[in-house]
Amino acid sequence: MAKWAAFPHLGDYTFDTTSVKKHWARLHQGDAEPLPKATKVLEAWAHFHNGEFQLAAELGLKAGGPGLTVANKATCIYANYLETREKAKLDLFTEVAERAAAQATETPDDPNAWYQQAYALGRYGQGISVAKALAQGLGTRVKDALEKTIQLQPLHADAHITLGAFHAEVIDKVGSLIGGMTYGAKKDTGLKMFQRALKLNPGSAIAMVEYANGQVMLEGERRMKEATALYEQAAACTPMDAMERLDIELARAELSDD
């Protein structure tokens with residue numbers, strides 16, 4: 001495995017297995033991942049929450065089983081926020097999509113096996129362009145995997161966010177008519193998904209950012225005021241771990257671009 005770029009705020013978060021256990025419900029309000037029983041998997045999660053994404057991925061892969069979930073999440077978060085080389089980023093998303101698909105085949109009742117597959121495919125699709133991804137049939141795979149995640153775990157806030165983003169992206173790229181007829185994308189469903197995500201995880205900066213983006217994609221510039229308010233709310237959040245820090249920095253970047 002090539003050396004990954006470092007999280008820029010290493011040392012700001014100092015979780016260990018004890019503190020991860022203590023704060024598990026809060027740290028995993030988004031992905032609804034059950035508390036692992038294996039110490040090795042907990043160790044991998046501690047490194048994830050500290051921003052040591054490569055180490056978290058390596059330990060998760062080594063542990064196997066539920067460790068694959070932390071490996072997949074660490075790889076996705078790293079690729080999304082910290083990998084600057086486009087090919088390397090797409091390769092990492094492809095790797096996770098394939099690994100999570102195999103995991104979902106082996107443990108079909110694991111919501112995060114389905115979710116990480118959808119997330120990785122969705123980010124890959126954004127990387128190659130949503131239009132190309134839809135033409136390759138990735139849209140249906142993303143939608144089906146997210147709906148399966150929510151069926152298995154209705155409290156999965158992150159799956160609601162990502163499914164809301166799916167509806168918004170498809171309608172934004174191909175329009176309501178083709179989006180609805182071909183991909184089952186609906187404006188009202190997308191907005192409801194974002195709203196549900198924020199009910200499930202009210203302090204989620206990424207839910208606020210994606211909802212803001214989705215509102216503008218689905219309803220145009222007339223929603224810019226509401227979107228800006230959501231960016232501001234997200235930017236004012238206090239991060240509990242490295243991933244949340246990256247989410248909040250994304251919100252601040254959105255505000256500085258406006």
Side-chain angles (χ1 to χ4, degrees), residues 1-4 28 30-49 52-83 85-128 130 132-163 165-166 169 183-184 243:
M1 191 183 279
K3 189 167 173 58
W4 292 1
H28 290 270
D31 66 7
E33 176 70 5
L35 177 68
K37 293 173 184 173
T39 303
K40 294 290 184 190
V41 178
L42 267 176
E43 284 174 4
W45 277 114
H47 289 296
F48 171 86
H49 293 300
E52 298 163 305
F53 297 119
Q54 185 164 22
L55 184 53
E58 288 169 351
L59 291 175
L61 288 172
K62 192 174 178 183
L68 295 179
T69 301
V70 59
N72 288 340
K73 187 163 185 174
T75 305
C76 280
I77 295 302
Y78 168 76
N80 191 48
Y81 288 108
L82 298 174
E83 180 53 71
R85 298 164 300 168
E86 198 58 30
K87 184 182 184 303
K89 180 183 294 199
L90 293 176
D91 286 347
L92 288 170
F93 286 136
T94 301
E95 178 188 307
V96 171
E98 290 171 355
R99 190 163 58 225
Q103 186 186 7
T105 300
E106 195 169 316
T107 52
D109 293 335
D110 181 349
N112 277 315
W114 294 98
Y115 175 70
Q116 290 299 340
Q117 182 185 170
Y119 182 93
L121 285 173
R123 291 299 189 198
Y124 175 85
Q126 288 174 327
I128 64 170
V130 173
K132 272 188 189 174
L134 292 174
Q136 291 176 17
L138 297 185
T140 303
R141 288 178 62 192
V142 169
K143 184 170 180 279
D144 289 351
L146 289 170
E147 288 175 347
K148 180 72 173 176
T149 305
I150 292 168
Q151 179 193 333
L152 291 168
Q153 177 46 275
L155 303 181
H156 201 298
D158 292 348
H160 285 83
I161 298 167
T162 310
L163 189 51
F166 166 83
E169 290 263 18
Y183 305 104
M243 183 187 75

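Hydrogens, waters and symmetry mates are skipped; everything else that's a heavy atom, side chains included, is used.
Annotation: side chain of Val96 is not in contact with side chain of Arg123 (no heavy-atom distance under 4.5 Å). A heavy-atom distance below 4.5 Å is found between the side chains of Asp158 and Lys73. Residues Glu95 and Leu92 form a side-chain contact, since some pair of their non-hydrogen atoms from C-beta on lies under 4.5 Å apart. Two residues are said to be in side-chain contact when any heavy atoms from C-beta on lie closer than 4.5 Å; Glu58 and Leu61 fail this criterion.
Residues Gln126 and Glu169 bring a donor and an acceptor atom of their side chains to less than 3.5 Å of each other. No side-chain N or O of Thr75 forms a donor-acceptor pair with one of Gln116 less than 3.5 Å apart.
More than 12 heavy atoms of other shown residues, nucleotides or ligands fall within 6.0 angstrom of atom NZ in Lys89. For Glu106, the CD atom is loosely surrounded, since the number of other residues' heavy atoms within 6.0 Å does not exceed 12.
The two residues Ala2 and Gln54 have their closest heavy-atom pair at O-NE2, 2.8 Å. The two residues Lys143 and Tyr183 have their closest heavy-atom pair at CD-O, 3.3 Å. When all heavy atoms of Phe93 and Cys76 are compared, the closest pair comes out as CE2-O, 3.8 Å. A pairwise comparison of heavy atoms in Gly122 and Val142 identifies N-CG2, 3.8 Å as the closest pair. What you find for Ala97 and Ala120 is that their closest heavy atoms are N-CB, 3.7 Å. Nearest heavy-atom pair across Gly139 and Phe166 is O-CE1, 3.3 Å.
Residues satisfying the side-chain hydrogen bond (donor to acceptor under 3.5 Å, both in side chains) criterion with Tyr124, sequence neighbours excluded, are absent altogether.
The ring-ring contact (aromatic ring centres under 6.0 Å, His included) analysis of residues 139-163, with sequence neighbours excluded, yields the pairs Tyr115-His156.
For Gln153 (side chain) and Glu33 (main-chain N/O), no donor-acceptor pair under 3.5 Å exists by modelled atom type. Proximity of a side-chain donor or acceptor of Trp114 to a complementary backbone N or O of Pro108 within less than 3.5 Å is detected. The backbone N or O of Asp31 sits less than 3.5 Å from a side-chain atom of Asn112, completing a donor-acceptor pair.
Taking a cutoff of 4.0 Å between a charged side-chain nitrogen and a carboxylate oxygen, Asp91 and Lys87 qualify as a salt bridge.
To the nearest 0.5 Å, the span separating CG on Leu42 from NE2 on His47 amounts to 11.5 Å.
Just one residue in the list Thr149, Asn80, Ile161 forms a side-chain contact (heavy atoms from CB on, under 4.5 Å) with Tyr119, and that residue is Asn80.
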